[in-house]
S.K.: 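Have a look at the structure that comes next, please.
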Protein chains: 2
Amino acid sequence: MSFSDATTFVPASTAGVADSFESPVSFKLLYFPIHSNGATSREILSYGQAQWTNLIPKDWDREKTRTPFHVLPVLYIATSLGKELILSEAGVIEQYLSKQWGLLGDNEYEEHLIKVFHSSSASLQNSHASSAVWVAPETRAAGVAAFREGALRTWMESHEKHLMANGNMVTTWAISLADIKTANVIDHLGLQPGGQQLIHLIMRSPALRKVHATVAQSPRIAAWRASQEYLLLSKGTRAFFADPTGMTIKSRV
Amino acid sequence: MSFSDATTFVPASTAGVADSFESPVSFKLLYFPIHSNGATSREILSYGQAQWTNLIPKDWDREKTRTPFHVLPVLYIATSLGKELILSEAGVIEQYLSKQWGLLGDNEYEEHLIKVFHSSSASLQNSHASSAVWVAPETRAAGVAAFREGALRTWMESHEKHLMANGNMVTTWAISLADIKTANVIDHLGLQPGGQQLIHLIMRSPALRKVHATVAQSPRIAAWRASQEYLLLSKGTRAFFADPTGMTIKSRV
């Protein structure tokens, strides 16, 4: 199974759609056979014990016109209305799913702090992509070094400072969207060529080490990470980023 | 005046902070003296007739440690609690401000559709930045061409399709965060070297032309755009992007 039925957004004016959106029944997440921008949504779905299916495109170049913006991930939401809803854009999907299972804090202020940290960690991954992934192979080593000494160091120092000021976590919750995203971005960097050096650097930060460990210890996330499906995605991620510009997945993943 | 007092996040556990966050009194937005990632927040503040101040850093390289992640924009929020709150990350600030003045639709579903379009247009600007701005000057022309034929064309075609399906706007509202962002990104592209060619291409789309015109016709946004302060920001934007890698603002703006 690859694509689901919905190919475009159901208009907001459709009768019943607003109510049905708030009571989703089950989900399908469509993304490439790697972690990257699919990782956080898959872990939230696992954390929430949602009824969900992990979809992988079979022939993306031919199939991409079936998605709203020709980019992945895409989330399909089955509702009681009997009409499948579709959402696009990784950050929006992650925020929506987080809200379903209490991963956005206890009030508007906590929610916004969590979104700030979520966005900052997502930006770090984008910064890595533009300086060290989507570059000519001969400039990659210089790009990795610039990333390590620039964006990565600033991110580490500032997150460490804020996490320490808040008792090692961004919220009073045991786990939040921000924590899952931060842990996923750390693991993403570790799966890059030479990524173990980046992990070694990040793990010098006690607060980031604690966020990473806390997410890994969540029983439902741990169960997903131990699955055969997850291990195949890890293998796919390593293979993809070993030679990203040579692979057939042309989009930025 | 450049920086405000707050330099870090007020912990969510602070007494009264969650309530005060929902009743802001006034705002200061700190960003570089250009439009780019400050444009949408400034227009929302203008649209909302907020009491707000536009702050510009005086010496960013020395001052950036006074911001949470060493990136701009940053929003300072004065509340009845007497404690200034701070938010970071352009997308989160834009979403927060939009919520204050009804620019996020009427229900959760509309809000998520608006956020999807908001994110897609923000991604287009990021895609332009990485293919045509933060590149070696000798590869810029090729980068602009790749952007025009790739990301821009896909964005135009997909947004046109969705806008037409929804009666030329993403929501049933007269104006939303998505519309303001889309209009701002179009104007951003127009201020780039050779940007008039991109504008010419985009304006061939009736739906995108209508979004752009609708935002421009909003009386409070029109008043802000006619101000001396706005015109100086336009001038600064043109000057900055004429030679971005040679300017003293080193961060991605």
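Model, not experiment: these values are computed from the prediction. Just so it is clear, the values below take in all heavy atoms, side chains as well, and ignore hydrogens, waters and symmetry mates. So that the names make sense, note that chain A is the first sequence line, chain B the second, and so on, each numbered from 1.
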S.K.: Quick one, A/L124 and A/T182 - any side-chain contact, counting heavy atoms below 4.5 Å?
M.R.: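 SC-SC contact between A/L124 and A/T182 ruled out.
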S.K.: Considering residues, nucleotides and ligands other than B/K83, do more than 12 of their heavy atoms fall under 6.0 Å from its NZ?
M.R.: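 No - once you tally the heavy atoms of other residues, nucleotides and ligands closer than 6.0 Å, there are 12 at most.
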S.K.: So for A/V10, is it side chain, backbone, both, or neither that comes closer than 4.5 Å to the heavy atoms of chain B?
M.R.: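 Interface part for A/V10: both.
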S.K.: Among B/S88, B/A18, B/S120, B/P11, which residue has the highest count of heavy-atom pairs closer than 4.5 Å to chain A?
M.R.: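 Of the options given, most contacts go to B/S120.
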S.K.: For chain A, which residues of residues 136-146 of chain B have at least one non-hydrogen atom nearer than 4.5 Å to it?
M.R.: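 Not one residue of residues 136-146 of chain B has a heavy atom under 4.5 Å from chain A.
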S.K.: Taking the six-membered ring for Trp, are B/F241 and B/H188 parallel (under 30°), tilted (30 to 60°) or perpendicular (over 60°)?
M.R.: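 Rings of B/F241 and B/H188: perpendicular, as their planes differ by over 60°.
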S.K.: So, do A/E108 and A/H112 sit near enough that their side-chain heavy atoms are less than 4.5 Å apart?
M.R.: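 Side-chain contact under 4.5 Å: yes.
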S.K.: Identify which part of A/Y109 has an atom lying under 4.5 Å from any heavy atom of chain B, answering side chain, backbone, both or neither.
M.R.: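 For A/Y109, the contact with chain B is made by backbone and side chain together.
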S.K.: Can you confirm whether A/P68 sits close enough to A/E89 that some side-chain heavy atom of one is under 4.5 Å from a side-chain heavy atom of the other?
M.R.: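 The answer is no, as the side chains (C-beta and beyond) never meet within the 4.5 Å cut-off.
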S.K.: Just to verify, what does A/F147 make a ring pair (Phe, Tyr, Trp, His ring centres under 6.0 Å) with, not counting sequence neighbours?
M.R.: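 Testing A/F147 for ring pair (Phe, Tyr, Trp, His ring centres under 6.0 Å), a comparison that skips the adjacent residues, returns A/H128.
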S.K.: Given side chains that start at C-beta, do those of A/L189 and A/L152 come closer than 4.5 Å, heavy atoms only?
M.R.: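 Yes. Closest side-chain heavy atoms under 4.5 Å.
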S.K.: Under a 4.5 Å heavy-atom cutoff, which of A/S119, A/A151, A/G150 has the most pairs with chain B?
M.R.: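 Most pairs with chain B among the choices: A/S119.
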S.K.: Ignoring hydrogens and angles, tell me if any N or O in the side chain of A/S127 forms a donor-acceptor pair with the backbone of A/S123 under 3.5 Å.
M.R.: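 No, because the side chain of A/S127 does not come within donor-acceptor range (under 3.5 Å) of the backbone of A/S123.
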S.K.: Pick whichever of B/V116, B/T154, B/V92, B/N107 has the most heavy-atom pairs under 4.5 Å with chain A.
M.R.: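 Between B/V116, B/T154, B/V92, B/N107, the count favours B/V116.
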S.K.: Tell me, side chain or backbone of A/L85 under 4.5 Å from chain B's heavy atoms, or both, or neither?
M.R.: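 Side chain of A/L85 only, per the 4.5 Å heavy-atom cut-off to chain B.
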S.K.: Distance from A/T7 atom OG1 to A/Y76 atom OH, nearest 0.5 Å?
M.R.: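 Nearest 0.5 Å value for the OG1-OH distance: 8.5 Å.
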